[in-house]
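To start, the structure under review is shown below, and the notes come after it.
Below, all heavy atoms of this structure are taken into account, side chains as well, without hydrogens, waters or symmetry copies. Along the sequence shown, residues are numbered consecutively beginning with 1. In each ligand, atom 1 is the first atom listed, and ligand 1 is the first ligand listed.
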Amino acid sequence: MRIRTFLLLMTLVASYAVQAAPKTPAQQLLERMRKLQKKGYMYGHQDDPFYGLTWEWEKGRSDTKELVGDYPAVMGFDLGGIEMGDAKNLDSVPFQRIREEIVAHHERGGIVTISWHPRNPLLGSTAWIAKDTVAFNEAAEALGKVGMGGLMEKVPNPKKTVASVLPGGSRHETYMNWLKRVGDFLLTLKDGKGEPVPVIFRPYHENNGSWFWWGQDLCSDDEFHLLWVITQDYLNEVLPTSLVWSYSPNLQGNWTEEAWMRRYPGDDRVDLIGEDAYQWGTEADFVTALTADLTLITAIAKKHGKLIALTECGYQNSPDATWWQRVFKPIIEQFPVCYFLPWRNYKKEHFGASPTTATADDFKAWAAQKRFLFNRDIQKK
Ligand code: BMA
């Protein structure tokens with residue numbers, strides 16, 4: 001009896017201690033997103049405050065705001081280039097400006113997500129491996145033709161990139177220095193009170209495709225897992241309270257749960273299950289594939305207690321004036337999508353809403369509906 005009373009007391013003390021522990025900025029953001037998901041779905045946009053279809057670099061401007069009267073709820077930014085110590089990212093945005101806009105968006109009650117398209121640590125080229133693969137195949141063929149297969153080892157092979165950054169690999173030290181630069185930048189994201197700005201961090205996205213050096217055919221399941229682990233463990237050590245981790249494969253259309261789970265980093269390593277989903281081909285193919293994928297990831301997310309989002313999306317250059325409400329909205333509304341984030345708008349290529357596209361009226365009409373959330377709709381009361 002006495003022991004039982006003692007145990008009961010200890011349980012009460014322990015649960016009080018758990019309850020009393022203050023929530024980290026990352027935990028608060030996740031909790032907030034769970035509440036917001038009940039209210040509707042948020043609009044996100046990549047590089048929203050830097051440039052749009054008809055302007056660039058002017059402060060205070062936003063294609064979203066100029067169309068619907070409000071900033072997106074979620075803004076996306078990319079750190080590609082930070083690993084080299086560059087002053088500007090891969091899309092020519094100064095990191096100083098990225099920092100300012102992240103803090104400004106956080107201070108206006110918005111949510112921030114960050115992706116990273118790092119250079120190729122083994123070959124020195126970009127995150128995209130197409131050219132390296134062509135060069136490798138040509139070199140391999142040339143060597144094969146002259147019967148010098150043994151020299152293959154000397155030809156830079158994109159498929160060895162992930163292995164090269166893992167512990168023991170020739171580029172491991174370089175990669176750890178890259179992570180240090182990412183961590184150093186993230187550490188500078190502080191609000192007016194000096195508190196860390198919470199960020200949805202989304203590394204190694206679209207990993208089921210084979211266009212990035214961390215893609216499906218470029219590494220094994222184990223190599224991908226280890227890449228995620230060393231990246232996450234380092235950054236979580238530097239920023240223990242402010243990162244929400246998003247795992248975001250690409251639209252696939254024919255996943256099985258088993259196949260999807262194969263590269264999933266694990267419940268303790270992922271907070272948000274994302275998917276990047278563009279319409280590149282026919283409308284029918286897009287609708288079928290996205291509906292199938294969202295059906296699957298909704299079920300997985302439910303089982304594993306995660307949120308879902310479309311972490312990149314859109315139909316390039318708005319060829320169809322009715323696309324948002326006719327094609328996209330009915331899919332979004334069938335699933336518990338927390339936010340969706342069209343990619344950047346610049347002169348040559350755009351995915352997001354803007355006052356100067358054919359889709360402007362359709363998008364604006366949708367934006368006026370109650371469940372579609374922008375920056376003002378997600379303010380903390
Ligand atoms: C791609 C394109 C590129 C860009 C990259 C990173 O989808 O928009 O032009 O460099 O994303 O933002």
Side-chain angles (χ1 to χ4, degrees), residues 43-57 62-64 72 74-84 86-99 101-102 105 112-121 123-133 161 178 181-182 185-186 199-216 218 231 246 248-252 274-281 286 290 309-319 328 339-354 357 359:
Y43 184 68
H45 190 212
Q46 184 71 8
D47 277 2
D48 189 81
F50 304 131
Y51 44 77
L53 275 160
T54 58
W55 59 277
E56 51 183 8
W57 313 124
S62 150
D63 273 0
T64 312
V74 181
M75 280 190 191
F77 303 90
D78 198 276
L79 296 187
I82 197 96
E83 70 281 0
M84 310 305 289
D86 292 348
K88 292 181 179 177
N89 83 352
L90 75 172
D91 298 320
S92 307
V93 189
F95 285 109
Q96 177 55 31
R97 181 80 192 272
I98 294 180
R99 177 183 300 116
E101 296 293 353
I102 286 176
H105 192 56
V112 171
T113 177
I114 293 183
S115 53
W116 182 32
H117 288 87
R119 301 273 293 258
N120 185 311
L123 306 177
S125 43
T126 68
W128 289 263
I129 51 93
K131 281 189 194 144
D132 298 321
T133 303
T161 310
W178 284 14
R181 289 186 173 131
V182 172
F185 176 84
L186 293 174
V199 159
I200 303 166
F201 192 61
R202 187 175 67 93
Y204 302 125
H205 59 301
E206 302 176 12
N207 62 327
N208 52 322
S210 295
W211 43 89
F212 294 129
W213 57 257
W214 54 88
Q216 185 66 36
L218 284 297
T231 304
S246 167
S248 294
N250 194 65
L251 181 69
Q252 170 108 3
E275 171 154 305
D276 290 6
Y278 294 92
Q279 181 177 326
W280 295 118
F286 176 70
L290 186 54
L310 287 182
T311 42
E312 288 186 30
C313 63
Y315 190 10
Q316 191 176 35
N317 297 344
S318 316
F328 195 68
Y339 69 87
F340 65 88
L341 184 143
W343 207 239
R344 62 205 193 102
N345 285 1
Y346 76 112
K347 278 174 211 128
K348 273 201 265 172
E349 158 190 309
H350 72 266
F351 296 90
S354 152
T357 61
T359 54

Kindly indicate, with the supporting measurements, whether the criterion side chain to side chain contact (heavy atoms under 4.5 Å, CB included) is fulfilled by Gln316 and Phe351. CA-CA 5 Å; Gln316 191 176 35; Phe351 296 90; 3.4 Å; yes
Partner set under ring pair (Phe, Tyr, Trp, His ring centres under 6.0 Å) for Tyr51, not counting sequence neighbours: Trp57
Quiz question: by atom type and distance under 3.5 Å, do the side chains of His350 and Ser318 form a donor-acceptor pair? yes
Pair Phe50 + Phe77: ring centers closer than 6.0 Å: yes
Residues passing the ring pair (Phe, Tyr, Trp, His ring centres under 6.0 Å) test with Tyr204, sequence neighbours excluded, are Trp213, Trp214
For a quick check: using heavy atoms under 4.0 Å, what are the residues in contact with ligand 1, sorted by chain and number? Leu90, Asp91, His117, Trp128, Trp343, Arg344, Glu349
The criterion is side-chain contact (heavy atoms from CB on, under 4.5 Å); which residues satisfy it with Ser354, sequence neighbours excluded? Leu53, Asp63, Asn345, Thr356, Thr357
